[in-house]
Amino acid sequence: MSDVVSYSIVDGIGIITVDNPPVNALSQAVRQGLLDAVRTAQSDASKAVLIHCAGRTFIAGADITEFGRPQQEPFLPDLLDEIEASAKPVIAALHGTALGGGFETALASHYRIALQSGKVGLPEVKLGLLPGAGGTQRVPRLASIEATLDLILSGTPVSANRALELGLVDKVVADDLYDEALAYAKQLVEEAAPLRRTSELDASAADKDLFDSYRSNQAKRARNLTAPQRIVDCVEAAATLPFAEGQRRERELFLECMQDPQSRAMQYMFFAEREAGKIIGLARDTQQRDVRTVGIIGGGTMGGGIAMCFANAGFPVVLVEINDEALERGLSIVEKNYAGSVKRGKLDESKAAECRALITGATDYAALADVDLVIEAVFEDPGLKKDIFARLDSICKPGAILATNTSYQDVDAIAAATSRPEDVVGMHFFSPAHIMKLLEVVRGDKIADDTLATVMALSKRIRKVAVISGVCYGFIGNRMLGGYFREAQLCLVEGALAESVDAAMYDWGMAMGPISVADLAGLDVGYKARQALPADEIGDARAHRVPDALVEMGRLGQKSGAGFYQYDPDTRKKTSDPLVTEVIEQAAQDLGIERRAIEVDEIVDRVIYALVNEGLRILEEGIAQRPGDIDVVYVYGYGFPAWRGGPMYYADAVGLDVVLARINEFRDRFGAENWTPAPLLEQLVAENMTIAEWARK
Ligand code: T1G
Ligand code: NAD
């Protein structure tokens, strides 16, 4: 056989073992090995064939690293057709995460046995793809059309027990999968069980309206995305066409997805997310500190959510507030959030109660004396934060990690307030902290390797995507956001309406328009931050004119019921407010700006290229380790569409020469203060190099 697939006969059963770490992906060698083994089994003494995998999981899909290269034989659909055509029963034994092409391999087998702790799924939609090896044709021959569409459109794996309920697996065992699977295979032989070929089963029926309702639903939920629509087409083909024709249709639509720039961007994001977790200059096996208990200081908007992240991962957490009243308020935010998670079906009642019980409250800092990690989330006041860190320095045990959730402040200055700067780190969560996946880990000058390695590993345990940032005002995300918001506000003053700026960015793919984001975050947050900054550090004052005026009118955004929009107190539905247009027109008049019609592409280019330009500065300063990190920050923290790959990937896709030309045009029209091209941009264009090529150098 091959070094990734072995074959032997045990008790009359042909055992095919796949061993291709880390996730048994279906590389060319695995496909070839499987084909050779199945063919061998057809003519040897075996009575049945058992496919199982070594390591932590059954096959987790096609080998994504092979995408973008000419596909090599054997092609997966052909291999799976040959497995299904086997003259002897084929049983698949599933553990870990049997995903994508891996689950399709199981579906092409005649029987499926799964470990209770295992999951099965078809996550291709998360890569801008669809199951391209029979998944869209075989699942609806085992489960209902609705269940099929929900499984493939969500891309979310289901538990083995749920798969059993859906008819996608035949048997679930608590333990000893290999032994149980071998016994199951022998039992099927003894019972002369039929060669149950899924493709020969009738697909569940469904009328056209159902597919159309899924199409319109996806057009809203998966705006701009092309793969979900193709998935519905595939499943409709399964319900209306013979298997072979349905499979041909699936193949056509799969190849369309493969050619689609959306999928290439989403595949890029898959690897960028995994790269972001790697610390350049630190060995993967760097010693880590033992973190078992956590303390959070400040139970406001962020503190409560951060506490939940750790409690949900099984850590006992003590939440420290300034007094009993504030503590009560903080714990009630936690209660409300858990009730919300249960209501949305994210957590079941008993799990929520179990996690809630791990969070205790205190108003005495002494409660932090023995914890392994402290995260400070008090007001964004640098002086207050330094005082608190000086206090923690005298209270916390040696080796405790001291983290700050500051959004902007100088982490080195905060660390310098202690005698142990090597233990200090920035852990910048995003609101709502118990939901948003992104975590910016801020690496100060004096941080110890084990402090950094510990926090990066911890981020995985609390299900966050961590990205390392150097120290600068606003780190990666908020620093880039400065230019993004500036241009959105300037477009307003120069002639656009709040609605049109938001519509332009929403239609372009952002999860929410910049003006609505400002209202959501609270206009007072930026206002207070600007009040704390010297005048020459607040940037283009014209861009703050309108939000400052609204704050001084008591319009703080959603939290006060009005900001750039009016908000319905019950539904939070936003409506335009002509009063705001008056404020904008007054600001323009005061600034001597003649308002004009502003095209959508100008709004988009100004807002997005401001991001790109600042991102390139962040790269050349080494604040971000790699371009992919910036893209992960924006996709996971700021609602940048994954199908556009993030600001850096997008700039390469558009062409840096095009970006530079547009930025130079903006410099000539609006001035160098806001539009001086980043030196790296000019260098890359001069050297005809992309950002990705520069990063690989
Ligand atoms: N191909 C290649 N490499 C993969 C891979 C894959 N499918 N999945 C994971 N890796 C690498 C990953 O880059 C990392 O490498 C290491 O494995 C550990 O991954 C025809 C076309 C399985 C749930 O979409 O969701 O089948 O960084 O850090 O957190 O229909 O990986 O260590 O060098 O994520 O424990 C469908 C993708 C493919 C599943 C494990 N399958 N993988 O999570 O580890 S499309 C997927 C995952 C397809 C067919 C179509 C997760 C995981 P490195 P990790 P993890
Ligand atoms: P908040 O005003 O909602 O909560 C701050 C809490 O800190 C209050 O409950 C207050 O009682 C408590 N507090 C103040 N001084 C204290 C002290 N000495 N000891 C104990 N508790 C004290 O603020 P927030 O929005 O949760 O922000 C907290 C931090 O997180 C800030 O640094 C902010 O920049 C950062 N942050 C905020 C967001 C966001 O979207 N709100 C996102 C990321 C980071």
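We count ligands from 1, going down the list as the structure has it; atoms in each ligand are counted the same way. Owing to the predicted nature of the structure, the values given are computational and were not obtained by experimental measurement.
The closest heavy-atom contact to atom 22 (C) of ligand 2, among the options V378, I333, D381, comes from V378. Among I388, V320, I322, T301, the residue whose heavy atom lies closest to atom 1 (P) of ligand 2 is T301.
For atom 18 (N) of ligand 2, the nearest protein heavy atom is under 4.0 Å away.
The backbone N or O of D260 lies less than 3.5 Å from no partner atom in the side chain of S263, so there is not a single donor-acceptor pair. Judged by distance alone, the side chain of T198 and the main-chain N or O of L107 form a donor-acceptor pair under 3.5 Å.
Every residue two or more places apart in sequence or in another chain was checked for a salt bridge (charged side-chain N to carboxylate O under 4.0 Å, His left out) with D631, and none qualifies. Applying the side chain to side chain contact (heavy atoms under 4.5 Å, CB included) rule to V371 yields the partners T293, V318, L368, V374; only residues at least two apart in sequence or on another chain are considered.
Note on ring orientation: taking the six-membered ring where Trp is involved, the planes of Y634 and Y638 are parallel (angle under 30°, cut-offs 30° and 60°).
Checked against a 3.5 angstrom limit, the closest N/O atoms of H428 and ligand 2 fall outside it. Between F429 and ligand 2, a contact under 3.5 Å exists for no N or O pair. At a 3.5 angstrom cut-off on N or O pairs, E321 counts as close to ligand 2.
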Do E380 and Q409 pass the side chain to side chain donor-acceptor pair (under 3.5 Å) test, and can you show the C-alpha distance, the side-chain angles, and the key distance before you say yes or no? CA-CA 8 Å; E380 184 68 353; Q409 304 307 324; 3.3 Å; yes
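No side-chain N or O of S199 forms a donor-acceptor pair with one of Q137 less than 3.5 Å apart.
For a heavy-atom separation below 4.0 Å, the residues in contact with ligand 1 are P22, V23, A25, R56, A60, G61, A62, D63, I64, F67, L76, T97, L99, G100, G101, E104, P123, E124, L127, P131, G132, F254, F270, F271, R274, K278, R284, K460.
Residue pairs that meet the side chain to side chain donor-acceptor pair (under 3.5 Å) test with at least one member in residues 464-474, sequence neighbours left out, do not exist here.
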